[in-house]
Amino acid sequence: MKKYDLIVVGAGPGGCTAALTAAEAGLKTLLLERAVVPGEKNASGFALSSKAWRDFPFIREMELPSMRYCRQCVAHFLSPPPEMEERFTIASGPSRRMSYPEARDFFTVGMLRREFDPYLADLAVRAGAEMRTGSLVTGLVRENGKVAGVLLEGGEEYRAPLTIGADGVLSPVARMAGLRERWRPDQVTSVCIVDFSAPRERMDCVIHEAGFQAFFGPGLGGNFLIAYADGVHLGGPGVTNSLISRALRKRAKPARELLDTLLAPPVQRLLRALEAEPREWQAHCLTWMESIPEEISCAGLMLVGDAAGLTEPLYAEGVWQAMYSGRLAAEVAEEALRENDFSGAFLKTYRERLVESPVGQDFVAGAQLRQLFELLGDPVLCGELEELAVDLAVHLLMSGQEPKAEAMQRVFPVLGENLPALMAVARVYLPIFLRMGEENLRFYIGMAKGLRWMLKGLLPWEGDL
Ligand SMILES: Cc1cc2nc3c(=O)[nH]c(=O)nc-3n(C[C@H](O)[C@H](O)[C@H](O)COP(=O)(O)OP(=O)(O)OC[C@H]3O[C@@H](n4cnc5c(N)ncnc54)[C@H](O)[C@@H]3O)c2cc1C
């Protein structure tokens, strides 16, 4: 039986980052992965947020064949079935107001997990971690009421005062540790993906840097397209088919929704232009919660990434969260070893720090904002908002079909007609702003005063507003 300072179960983004951090800090670290090669089950790609470039120096060095920078996000709003044609489209580059340089340059980078996971695992190994692949963890060793190691299929035993469970959403480690039996139905969603390969030159020509595209529309859930160097995937349920709609059991048919989006003419045209060939179909379970679960550690054990339920509550992004929590757990492990304290009480500091960290901050208002997508998922409301956008943006500014003054005169009636839809949006936003505290409230009151002053200068009549 071999002994280590730290055992990490699972060589996904969370486990590899934990093992890398621990090995760099000089901990004798064992990284166990059930697959023969890390990331082997994922033929498909994913989008890594620019946050990873901000937070992890080793990511800045990364160059993988499948990488494609996404500097343009596109939201397609389609008309109702049966046409499902492009009705209103927004495309945007990154904002110059973002708080760090990478975010001002790009949104995400699309790439393949079967390249990314081995890249991270290799960094951990080069830092000194011992990796064992083809190693399925089937049990935990307990000693004096704490987790003291793991058992592999076949009976091998490894010991360490600390274990990190980075074994993904179904996390056998969490179950074996008694932290939970299984996720409740309202804590998870299912994600379906169809992955297509496409020649690189077609990708460069047709997609270029528009690596994230979402398809909204009456009855469509905002299924998303993610592009990498040699292909794209289309996934769903879209962000609009939120946890709330699942909880209310309104719409929970991700495969049906994905098929509808795939069959929409603009999507078909895009796939034809790409000369795309279907490569893989997947359906996965994914946690999608409103706050960080309470029980993510116990004596001798911490959970990171999907095992801890850390996917971000708006878009269900989870790779950066897994990496961030993996690093944090390894830092806490190092401190625990220094203090020789592996108690449940000491390891609770891991969750406390996580709540304070950018991962935790992302849970504030994320679930509430999800209600906006929920509105877009409502066929009637979505249709009304689409028409409002078309009337205000397109016909006012971009069409010469009518005299300008006539188009201008429609602004207030159109706003009036669509007041219920606008109020529905305001009903989501306002409580979020109010929750964000007095400081923000002051800011918005200041803005309203400024607007009043501007209008006073612009209006043709004298006097107060
Ligand atoms: C379809 C889909 C698309 C997604 N797209 C994105 C995206 O574009 N961007 C993004 O940021 N996030 C995305 N996510 C979320 C993201 O994939 C996860 O949040 C992320 O993979 C979590 O990383 P992890 O290291 O916690 O777990 P995982 O990546 O699940 O890694 C867990 C590892 O543990 C291993 N393992 C499991 N059990 C055992 C065991 N008993 N013994 C040994 N090893 C074990 C597994 O083989 C695996 O390698 C997507 C999720 C899905 C389902």
Side-chain angles (χ1 to χ4, degrees), residues 7-19 30-52 70 107-114 116-118 120-121 131-140 150-153 158 163-176 188-195 211-212 223-228 232-237 239 254 258 280-288 296 303-312 315-327 329 359 362:
I7 296 173
V8 181
V9 183
C16 290
T17 313
L30 176 65
L31 176 59
L32 294 169
E33 169 57 47
R34 68 179 171 190
V36 176
V37 178
E40 78 173 353
K41 70 171 180 166
N42 302 292
S44 179
F46 79 108
L48 185 61
S49 158
S50 58
K51 296 190 287 270
C70 167
F107 291 103
T108 55
V109 179
M111 64 191 97
L112 297 176
R113 283 290 294 270
R114 66 179 138 87
F116 180 70
D117 289 20
L120 288 187
M131 178 163 72
R132 290 203 45 171
T133 54
S135 302
L136 179 71
V137 172
T138 52
L140 295 178
V150 301
L151 292 167
L152 295 196
E153 188 184 43
Y158 294 96
T163 297
I164 290 180
D167 50 342
V169 60
L170 300 177
S171 186
V173 167
R175 267 189 285 126
M176 292 184 295
V188 287
T189 186
S190 49
V191 190
C192 303
I193 275 190
V194 187
D195 180 81
F212 184 88
N223 290 259
F224 50 86
L225 176 142
I226 287 178
Y228 16 96
V232 295
H233 74 228
L234 201 73
V239 276
L258 182 56
E280 190 184 51
W281 152 257
Q282 319 172 1
H284 287 278
C285 179
L286 190 64
T287 58
W288 212 6
I296 56 170
L303 301 176
V304 305
D306 280 10
L310 299 182
T311 39
E312 176 270 343
Y315 305 108
E317 168 202 351
V319 171
W320 170 80
Q321 285 75 2
M323 293 170 69
Y324 203 100
S325 57
R327 180 172 66 188
V359 173
D362 243 3

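Just follow the structure's listing: the first ligand is 1, and inside any ligand the first atom is 1.
For Arg132, the side-chain hydrogen bond (donor to acceptor under 3.5 Å, both in side chains) partners are Glu156, Tyr158, not counting sequence neighbours. Residues satisfying the side-chain hydrogen bond (donor to acceptor under 3.5 Å, both in side chains) test with Thr108, not counting sequence neighbours, are none.
The distance from ligand 1 to the heavy atoms of Gly12 drops below 4.0 Å at these ligand atoms: 25 (O), 31 (O), 33 (C), 49 (O). Close approach of ligand 1 to Thr311 (heavy-atom distance below 4.0 Å) involves ligand atoms 19 (O). Less than 4.0 angstrom separates some heavy atom of Pro172 from each of these atoms of ligand 1: 41 (N). The Gly14 neighbourhood of ligand 1 comprises atoms 25 (O), with distances under 4.0 Å to a heavy atom of that residue. Of all atoms in ligand 1, numbered sequentially from 1 with element shown, those under 4.0 Å from a heavy atom of Gly305 are 26 (O). Every atom of ligand 1 is numbered from 1 in the order shown, and the set under 4.0 Å from a heavy atom of Ala47 is 7 (C), 8 (O), 9 (N), 10 (C), 11 (O). Taking every non-hydrogen atom of Phe46 and a distance limit under 4.0 Å, the qualifying atoms of ligand 1 come out as 7 (C), 8 (O), 9 (N). Below 4.0 Å from some heavy atom of Ile226 lie the following atoms of ligand 1, by number and element: 8 (O).
Distance check, rounded to the nearest 0.5 Å: OG of Ser171 to CG of Asp306 gives 9.5 Å. Here the CE atom belonging to Met111 is positioned 10.5 Å from the CD1 atom belonging to Ile226, to the nearest 0.5 angstrom. Taken to the nearest 0.5 Å, the CD1 atom of Ile7 stands 11.0 Å off from the CD1 atom of Ile164. Remark: Leu48 CG to Met323 CE distance equals 6.5 Å, nearest 0.5 Å. Rounding to the nearest 0.5 Å gives a distance of 12.5 Å between OG1 of Thr138 and CZ of Arg34. If you take CG on Asp167 and CE on Met176, they are separated by 7.0 Å, rounding to the nearest 0.5 Å.
Here Val319 has heavy atoms under 4.0 Å from ligand 1 in both its backbone and its side chain. Contacts between Arg113 and ligand 1, counted as non-hydrogen atom pairs separated by less than 4.0 Å, involve the side chain only. Here Val9 has side-chain heavy atoms under 4.0 Å from ligand 1, and that is the only part of it that gets that close. Residue Ala166 touches ligand 1 through its backbone alone, judged by heavy-atom distances below 4.0 Å.
Polar contact with ligand 1: present for Glu33 (N/O pair, distance under 3.5 Å). Considering backbone and side-chain atoms alike, Leu136 places every N or O at 3.5 Å or more from each N or O of ligand 1. The N/O atoms of Pro13, backbone and side chain alike, include one that comes under 3.5 Å of an N/O atom in ligand 1. In terms of polar-atom proximity, defined here as any N/O pair under 3.5 Å, His284 makes no such contact with ligand 1. Considering backbone and side-chain atoms together, Arg34 places an N or O closer than 3.5 Å to an N or O of ligand 1. Below 3.5 Å of separation, one finds no N or O of Leu48 facing any N or O of ligand 1.
Using a distance-only test at 3.5 Å, with no hydrogens or angles considered, no donor-acceptor pair links the side chain of Thr17 to the main chain of Arg327.
Closest to atom 37 (C) of ligand 1 by heavy atom, among Asp306, Asp167, Leu152, is Asp167.
Remark: distances from the non-hydrogen atoms of Pro38 to ligand 1 are all 4.0 Å or more. No heavy atom of Glu312 sits closer than 4.0 Å to any atom of ligand 1. Under the 4.0 angstrom criterion for non-hydrogen atoms, Cys285 is not in contact with ligand 1.
A donor atom on one side chain and an acceptor atom on the other are not found under 3.5 Å apart for Asp362 and Tyr315.
Looking at every heavy atom in both residues, Thr133 comes nearest to Pro38 through CG2-CD, 4.1 Å.
The aromatic rings of Phe116 and Phe46 lie tilted to each other, with the angle between the two planes from 30° to 60°.
Looking at Lys51 and Glu317, a side-chain N of the basic residue comes within less than 4.0 Å of a carboxylate O on the acidic one, giving a salt bridge.
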